[in-house]
Amino acid sequence: MTIVITGATGNVGRPLVTALVAAGASVRAVTRAPDSAGLPPGVELVGSAADALPGASAVFLNSRALGAELATVVARCVRAGVTKLVALSAINADDDFARQPSRFRGDRNKEVEQLAVDSGVDWVSLRPSVFATNFAGMWSAQLRAGDVVYGPYASASVAPIVETDIAEVAARALLTDELVGQRIPLTGPQAFTNSELVEAIGAVLGRQLHYREIPNDAVRQRFIGLGFPAAFGDAYIAMLASTLDAPALVTHDVEKILGRPATPFTQWVAEHRDVFSARG
């Protein structure tokens with residue numbers, strides 16, 4: 001059984017490859033930089049999805065990694081005799097695109113799921129909530145520089161999921177038929193407001209941290225400063241605004257599938273504390 005992983009060096013792909021190798025699977029990792037991939041020994045490194053497909057039985061589809069080739073690769077999977085597709089989608093895949101910030105970074109969550117469903121082969125769609133690592137990207141520079149995070153809507157809420165949990169569920173989907181035909185919403189074990197998230201980080205670091213709301217124009221400029229397009233900031237603001245009247249959805253699918261609770265956000269922070277720690 002050969003399993004192809006697209007996006008193999010990403011936040012989900014890398015721990016997924018590790019989990020599959022630990023389970024004894026034969027893995028082909030699609031990466032554009034095979035010399036610097038740093039993946040476990042025994043993994044076959046392949047430069048393109050097309051080259052990875054011959055003889056493969058299952059494929060993990062990462063729409064950002066595949067880019068404009070997404071539909072072509074799915075069609076090639078079917079022609080190559082692949083019998084299972086596992087799509088990395090998102091919990092908000094059915095929302096208006098204007099409330100899906102990840103689209104402005106290349107994700108095509110709705111499309112990758114639909115292509116898998118329509119492929120005619122066995123499929124699973126994973127719909128994770130906000131990744132824990134997103135807060136490293138958005139907040140780490142502010143927290144290394146001081147004790148305040150500036151952003152929109154202090155009372156907006158999310159239930160961040162640790163990427164290794166997504167990877168372990170993906171491994172189960174690829175290695176067994178237990179999840180075939182399911183769209184699976186995956187979240188962390190707890191919903192937090194933005195204020196509570198910052199306080200949770202502070203509790204782990206032993207610092208008094210605070211979240212401070214700023215105008216939307218300032219939020220947009222902060223994202224531009226981090227290298228994101230302005231449209232990403234607008235979509236992020238719109239996504240958070242939609243959670244103001246109700247806490248973020250918390251599901252228990254990680255626990256049902258893996259037989260253990262989803263990893264707490266605070267545990268992830270503890271394991272990555274240097275990302276947020278002040279320098280010098």
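Predicted, not measured: the structure shown is a model, and the values here were computed from it.
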No-hydrogen, no-angle side-chain donor-acceptor test under 3.5 Å, Asp274 and Ser277: no

Asn11-Thr133 side chain donor-acceptor pair, cut-off 3.5 Å: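 Note: Asn11 and Thr133 side chains meet the donor-acceptor criterion.
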
Over 12 foreign heavy atoms within 6.0 Å of CG, Asp118: yes

Distance in Å, Thr18 OG1 paired with Leu39 CG, rounded so as to fall on 0.5 Å steps: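 Spacing of OG1 (Thr18) from CG (Leu39) equals 7.0 Å.
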
Nearest-0.5 Å distance that lies between atom CG in Asn92 and atom OG1 in Thr243: 11.5 Å

Ion pair present between [X] and [Y], side-chain N to carboxylate O less than 4.0 angstrom?
{"X": "Asp217", "Y": "Arg220", "answer": "yes"}
{"X": "Glu113", "Y": "Arg127", "answer": "yes"}
{"X": "Asp51", "Y": "Arg28", "answer": "no"}

Taking the side chain from [X] and the backbone from [Y], do they hold a donor-acceptor pair closer than 3.5 Å?
{"X": "Ser125", "Y": "Arg183", "value": "no"}
{"X": "Ser57", "Y": "Val82", "value": "no"}
{"X": "Gln208", "Y": "Gly202", "value": "no"}

Ring pair (Phe, Tyr, Trp, His ring centres under 6.0 Å) partners of Phe135, counting only residues at least two apart: Trp139, Phe265

Closest heavy-atom pair and its distance - [X], [Y]:
{"X": "Asn109", "Y": "Ser89", "value": "O-OG, 2.9 Å"}
{"X": "Val275", "Y": "Ala136", "value": "CG1-CB, 3.6 Å"}
{"X": "Val4", "Y": "Ala56", "value": "CG2-CB, 3.6 Å"}

Identified side chain to side chain contact (heavy atoms under 4.5 Å, CB included) counterpart of Pro185 within the set Asp253, Leu126, Val250, Val254: Asp253

Cationic tip of Arg103 above Phe97 ring, under 6.0 Å, 45° of axis: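 Yes; both conditions hold, so Arg103 lies above the ring face of Phe97.
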
Stepwise ring pair (Phe, Tyr, Trp, His ring centres under 6.0 Å) test for Phe232 and Phe104: CA-CA 5 Å; Phe232 176 94; Phe104 299 97; 7.6 Å; no

Residue pair Arg207 / Ile201, side-chain heavy-atom distance below 4.5 Å: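 A side-chain contact under 4.5 Å is absent here.
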
Fellow cluster residues of Leu249, listed by chain then number, with links counted only when side-chain atoms sit under 4.5 Å apart: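 Once heavy-atom contacts under 4.5 Å are chained together, Leu249 belongs with Ile91.
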
